[in-house]
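It should be emphasised that the depicted structure is a prediction, and the values quoted were computed from it without experimental measurement. Whatever order the structure lists them in is the order used to number ligands and atoms, beginning at 1. Residue numbers count from 1 along this sequence.
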Amino acid sequence: MRTYYKNSSLEDIAHKVETGQRLSGEDGLRLLKSSHLLELGRMADLVRQRKHGDRVYFILNRHINHTNVCVNRCKFCAFGRDEDNPGSYTLTLDEIERKAYDYRGRGITEIHIVGGLNEKLGLDYYCEMLKRVRLALPGVIIQSFTAVEIDYLARINNTSVEKVLSELKEAGLDSLPGGGAEVFSPRVRELICPKKMSGQRWLEVHQAAHSLGMRTNATLLYGHVETMEERIDHLVKLRNLQDITGGFLAFIPLAFHPRNTQLDHPGKSGTTGYDDLKMLAVSRLMLDNFDHIKAFWIMIGPKIAQVSLSFGVNDLDGTVEEEKIVHDAGAETDQRLPGEEIIRMIKAAGRVPAERDTLYNIIREGF
Ligand code: V47
């Protein structure tokens, strides 16, 4: 395979990629610090092509954010509110059930419910929510509640994470999404989310979910105060856990949106297209034991998400419909993308769209 930059400092890494060797943290750092975007893309695309050929997955899903009341009040988050703040809300079980019934018969296969840490909501609210959603949407996979919510429920109910997960599973929970990981570095957490549980704890919750047979996702929130070293360390920690459990389905890098957050200040803007493509490509290259790298178009925009299909990405998430967390932080993307539009984007990139379910079973292909 031809290297575009014969004399680029990345030749030894390209050789490792071409011969299927695992990259070290140091390799990852050099990639992330490099500005040879096309070379990075070429390497990531090679790995993607080996794993998935021309297939690009998408899913018909819906997001519900059941409450924005949150005791953590992370500095990067524009969504969380104190309970007595104007604009705070908590959906009743009836309201959530109504939303679920509204989605019935519209072809969705996954429901993604996440929210703040609201001390008024006990485990019974979550179990009842799952039971009602399960009844309203039979056959739809419920991928809900971040590891942070699971850990909080365990703490306020004075029980273990395993017990909480088992009860939620019994009530209908299938899988955990990847939110709440932020950056595992204690230095970064102290600066951007001092009240949030540790990165180590996030990993432990996912390990517990994997041991109960639940598949989960992983994320990284990038583009704020973290260093490149801290991003790579995060990826290596995920790769190490995946070596042990094999329970992660997909990795989704999340581009930080500063507006309306405590990290917003004059001159602070969001990530650039270059940052986003590099982060996706390096994720594909470092996470050799993750099957899927997903672009969340809500955060990086549909156009960069489409281009990312040549930078290691094999999954475009999703139809979504209603998104509050990043839109409160100034995202200018729409709230929904029709399935036909996702199919058009994938085909225009010369790939074959495949509608999937949460576990990457193919529902429909060859549109
Ligand atoms: O946990 C919060 C992040 C996450 C901001 O698993 C922000 O398939 C950018 O995890 N700017 C929630 N990001 C979203 C999430 C997710 C999304 C899509 C798919 C999946 C999946 C998971 O959003 C939070 C936090 O890390 N976030 N505030 C912000 N201002």
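In summary, the atoms of ligand 1 found under 4.0 Å from a heavy atom of Phe256, numbered by their order in the structure, are 9 (C), 11 (N), 29 (C), 30 (N). Each of the following atoms of ligand 1 lies closer than 4.0 Å to a heavy atom of Phe296: 17 (C), 18 (C). Which parts of ligand 1 touch Glu182 is read off a 4.0 Å heavy-atom cut-off, strictly below it: atoms 1 (O), 25 (C), 26 (O). Near Leu254, meaning under 4.0 Å from one of its heavy atoms, ligand 1 places the atoms 3 (C), 4 (C), 10 (O), 15 (C), 23 (O), 26 (O). Those atoms of ligand 1 that come under 4.0 Å of a heavy atom in Gly180, given as number and element, are 1 (O). Counting the atoms of ligand 1 from 1 in the order shown, those under 4.0 Å from a heavy atom of Gly178 are 6 (O), 21 (C). Close approach of ligand 1 to Ile252 is summarised as follows: ligand atoms under 4.0 Å from at least one heavy atom of the residue are 6 (O), 8 (O), 20 (C), 21 (C). For ligand 1, the atoms lying closer than 4.0 Å to a non-hydrogen atom of Met299 are 9 (C), 13 (N), 23 (O).
Residue His112 holds the heavy atom nearest to atom 16 (C) of ligand 1 of all those in His224, Glu110, His112. The nearest non-hydrogen atom to atom 8 (O) of ligand 1, considering only His292, Glu323, Lys294, comes from Lys294. Residue nearest to atom 10 (O) of ligand 1, selected from Ala78, Pro258, Gly179, Gly223: Gly179 (by heavy-atom distance).
Of the N and O atoms on the side chains of His210 and Thr216, at least one donor lies less than 3.5 Å from an acceptor on the other residue. Residues Thr358 and Glu110 bring a donor and an acceptor atom of their side chains to less than 3.5 Å of each other.
Of the N or O atoms in Thr219, none lie within a sub-3.5 Å distance of an N or O in ligand 1.
In this structure, the ring-ring contact (aromatic ring centres under 6.0 Å, His included) partners of His63, at least two apart in sequence or on a different chain, are His112, Phe296. Residues satisfying the side-chain contact (heavy atoms from CB on, under 4.5 Å) criterion with Asn118, sequence neighbours excluded, are Thr67, Val69, Thr90, Lys120, Leu121.
Counting only heavy atoms of the protein, atom 5 (C) of ligand 1 lies nearest to Phe76 O, 3.8 Å. Scanning the protein for heavy atoms near atom 11 (N) of ligand 1, the closest one is His257 N, 2.9 Å. Among all protein heavy atoms, the one lying closest to atom 13 (N) of ligand 1 is Leu221 CD1, 3.2 Å. Of the protein's heavy atoms, Ile325 CG2, 3.9 Å lies nearest to atom 27 (N) of ligand 1. Of all protein heavy atoms, the one lying nearest to atom 9 (C) of ligand 1 is Ala255 O, 3.2 Å. Closest to atom 19 (C) of ligand 1, if we only count protein heavy atoms, is Asp317 OD2, 3.5 Å.
By the 4.5 Å heavy-atom criterion applied to side chains, Ile64 and Tyr103 are counted as neighbours. For the pair Val183/His224, a side-chain contact is recorded, criterion being any heavy-atom separation below 4.5 Å from C-beta on.
Using cut-offs of 30° and 60° for the angle between ring planes, the Phe290 and Phe248 rings count as parallel.
Between Arg42 and Glu18 there is a salt bridge, with a side-chain nitrogen of the basic residue lying less than 4.0 Å from a carboxylate oxygen of the acidic one. Looking at Glu26 and Arg30, no side-chain N of the basic residue comes within less than 4.0 Å of a carboxylate O on the acidic one, giving no salt bridge.
Using a 4.0 Å cut-off between heavy atoms, Pro177 contacts ligand 1 through both its backbone and its side chain. Within the 4.0 Å heavy-atom criterion, neither part of Thr146 lies near ligand 1. Neither the backbone nor the side chain of Phe79 comes within 4.0 Å of ligand 1, counting heavy atoms alone.
Using a 4.0 Å heavy-atom cutoff, Gly330 is absent from the residues neighbouring ligand 1.
Lys278 forms no cation-pi arrangement with Tyr222, by the criterion of a distance under 6.0 Å to the ring centre and an angle within 45° of the ring axis.
The backbone N or O of Gly87 sits less than 3.5 Å from a side-chain atom of Asn68, completing a donor-acceptor pair.
Between His52 and His292, a ring centre-to-centre spacing shorter than 6.0 Å is recorded. Ring to ring, Phe256 and Phe76 are not that close: their centroids are 6.0 angstrom or more apart.
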